[in-house]
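Only one structure is covered here, and it is reproduced in the block below.
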Amino acid sequence: MERKEISQAVIGRLPRYYRYLGELRDEGVERISSQELSRKMQVTASQIRQDLNHFGGFGQQGYGYNVEYLYVEIAKILGLDKEHYLILIGAGNLGQALLNYNNFARRGFIFKGIFDKNPELHGTKIRDIEIRPMEEISNFVKDNNIDIAVLTIPKNGAIKVAETLVACNIKAIWNFAHVDLNVPESVQVENVHLSDSLMKLSYNSSRYQGMKNEGQKAGD
Ligand code: NAI
């Protein structure tokens with residue numbers, strides 16, 4: 001299938017389709033109309049059709065979507081049809097929380113190595129994976145086919161670590177450090193800032209309360 005440039009907004013919605021379809025599939029649902037999917041996901045049916053049309057549609061008039069087929073196709077689009085090997089850098093609170101989350105492995109994201117600059121941690125294990133010194137990163141990445149590095153370190157060390165990762169041809173960085181990384185085009189970076197999500201929640205909550213108070217005043 002020919003791939004056009006797809007907007008990041010569409011890509012951002014695919015994991016949610018994938019999750020919902022996975023649940024339907026686990027419930028034994030074989031097919032679903034775009035209206036039903038729309039009701040479940042609280043997204044308009046036309047949005048679903050538009051999003052999926054970027055990849056060739058998948059739906060049939062009068063039939064809807066074949067759940068299994070769509071699930072598998074979206075998995076392929078998201079690159080979930082193969083395993084990804086990960087290293088994590090920064091074995092602190094956040095790093096350990098990510099390492100302890102089982103679902104990443106279920107989705108094919110396999111942690112192979114852990115690195116930290118603190119010598120006291122070297123040789124200790126999290127989930128049977130040894131924590132190694134930073135000097136071993138380059139060889140480890142090459143020897144173990146690592147394609148994704150997860151950065152859970154403070155921002156002051158992150159730029160230098162990213163340079164090391166670029167030098168050993170890492171393909172992608174999942175960046176939790178609060179700093180923008182300057183990497184070549186060939187390296188994909190996904191920044192995650194949980195506090196951004198919390199601030200958005202705070203905004204929406206304040207806005208809702210504000211509107212409610214305005215409504216009450218108007219009703220007085
Ligand atoms: P932590 O202090 O528990 O762990 C940090 C670990 O990184 C330590 O083991 C430390 O030895 C290691 N480390 C520090 N600098 C390093 C370097 N240059 N190279 C290799 N290892 C290094 O901290 P925590 O709570 O795990 O947070 C880690 C970082 O992630 C913090 O800087 C925090 O700002 C950030 N963070 C980001 C979030 C996000 O949503 N993006 C959420 C929570 C934390």
[X] and [Y]: which non-hydrogen atoms are nearest, and at how many Å?
{"X": "I126", "Y": "A91", "result": "CD1-CB, 4.1 Å"}
{"X": "R132", "Y": "E136", "result": "NH1-OE1, 3.4 Å"}
{"X": "I173", "Y": "A162", "result": "CD1-CB, 4.3 Å"}
{"X": "I153", "Y": "I89", "result": "CG2-O, 3.4 Å"}
{"X": "A158", "Y": "L181", "result": "O-CD2, 4.0 Å"}
{"X": "L21", "Y": "V67", "result": "O-CG1, 3.6 Å"}

Side chain to side chain donor-acceptor pair (under 3.5 Å) contacts in which one or both residues fall within residues 22-37, not counting sequence neighbours
R25-E68, S33-E36, S34-R49
Between L165 and V187, does the side chain to side chain contact (heavy atoms under 4.5 Å, CB included) criterion hold? Intermediate values first, please.
CA-CA 10 Å; L165 292 166; V187 180; over 6 Å; no
Can you check whether [X] reaches [Y] side chain to side chain, under 4.5 Å on heavy atoms?
{"X": "T152", "Y": "V150", "result": "yes"}
{"X": "L86", "Y": "I110", "result": "no"}
{"X": "R127", "Y": "N100", "result": "yes"}
{"X": "Q50", "Y": "N53", "result": "no"}
{"X": "I48", "Y": "S38", "result": "yes"}
{"X": "N182", "Y": "I159", "result": "no"}

Using atom types as modelled and distance alone, determine if a side-chain donor or acceptor of [X] lies under 3.5 Å from a backbone N or O of [Y].
{"X": "T164", "Y": "K160", "answer": "yes"}
{"X": "Q188", "Y": "E185", "answer": "yes"}
{"X": "S206", "Y": "S202", "answer": "yes"}
{"X": "N175", "Y": "V179", "answer": "yes"}
{"X": "N66", "Y": "Y69", "answer": "yes"}
{"X": "N144", "Y": "I146", "answer": "no"}

Is there any ring-ring contact (aromatic ring centres under 6.0 Å, His included) pair reaching into residues 8-36, and which pairs are they, with sequence neighbours excluded?
Y18-Y71
Decide whether N204 and R207 meet the rule of one side-chain donor and one side-chain acceptor closer than 3.5 Å.
no
Run the salt-bridge test on K76 and D81 with the 4.0 Å N-O cut-off and return the result as yes or no.
no
Nearest 0.5 Å, please: how far is [atom2] in [Y] from [atom1] in [X]?
{"X": "N145", "Y": "D147", "atom1": "CG", "atom2": "CG", "answer": "7.5 Å"}
{"X": "I170", "Y": "S138", "atom1": "CD1", "atom2": "OG", "answer": "10.0 Å"}
{"X": "R16", "Y": "D51", "atom1": "CZ", "atom2": "CG", "answer": "11.0 Å"}
{"X": "H122", "Y": "I114", "atom1": "NE2", "atom2": "CD1", "answer": "11.0 Å"}
{"X": "E135", "Y": "K117", "atom1": "CD", "atom2": "NZ", "answer": "12.0 Å"}
{"X": "R19", "Y": "R107", "atom1": "CZ", "atom2": "CZ", "answer": "8.0 Å"}

Step by step, work out the side chain to side chain contact (heavy atoms under 4.5 Å, CB included) result for T124 and E130.
CA-CA 6 Å; T124 62; E130 190 183 328; over 6 Å; no
Do [X] and [Y] share a hydrophobic cluster, counting only Ile, Leu, Val, Met, Phe, Trp and Tyr and linking them when any side-chain heavy atoms are less than 4.5 Å apart?
{"X": "L37", "Y": "L78", "result": "yes"}
{"X": "Y85", "Y": "L80", "result": "no"}
{"X": "I129", "Y": "M134", "result": "no"}
{"X": "V166", "Y": "W174", "result": "no"}
{"X": "V189", "Y": "L88", "result": "no"}

With sequence neighbours excluded, tell me which residues meet ring-ring contact (aromatic ring centres under 6.0 Å, His included) with F140.
F115
F109 meets the ring-ring contact (aromatic ring centres under 6.0 Å, His included) criterion, sequence neighbours left out, with H84
Is there a side chain to side chain contact (heavy atoms under 4.5 Å, CB included) between I77 and L14? Walk through the geometry before answering.
CA-CA 9 Å; I77 292 164; L14 289 185; 3.6 Å; yes
Side-chain hydrophobic cluster, 4.5 Å single linkage: members besides Y203:
none
Side-chain cluster (under 4.5 Å, hydrophobic types only) that M211 belongs to, other residues:
none
Do other residues, nucleotides or ligands put more than 12 heavy atoms under 6.0 Å from [X] [atom1]?
{"X": "Q8", "atom1": "CD", "answer": "no"}
{"X": "D180", "atom1": "CG", "answer": "no"}
{"X": "Q209", "atom1": "CD", "answer": "yes"}

For F104 and L98, what are the C-alpha separation, side-chain angles and deciding distance, and is it a side chain to side chain contact (heavy atoms under 4.5 Å, CB included)?
CA-CA 9 Å; F104 293 138; L98 295 176; 4.1 Å; yes
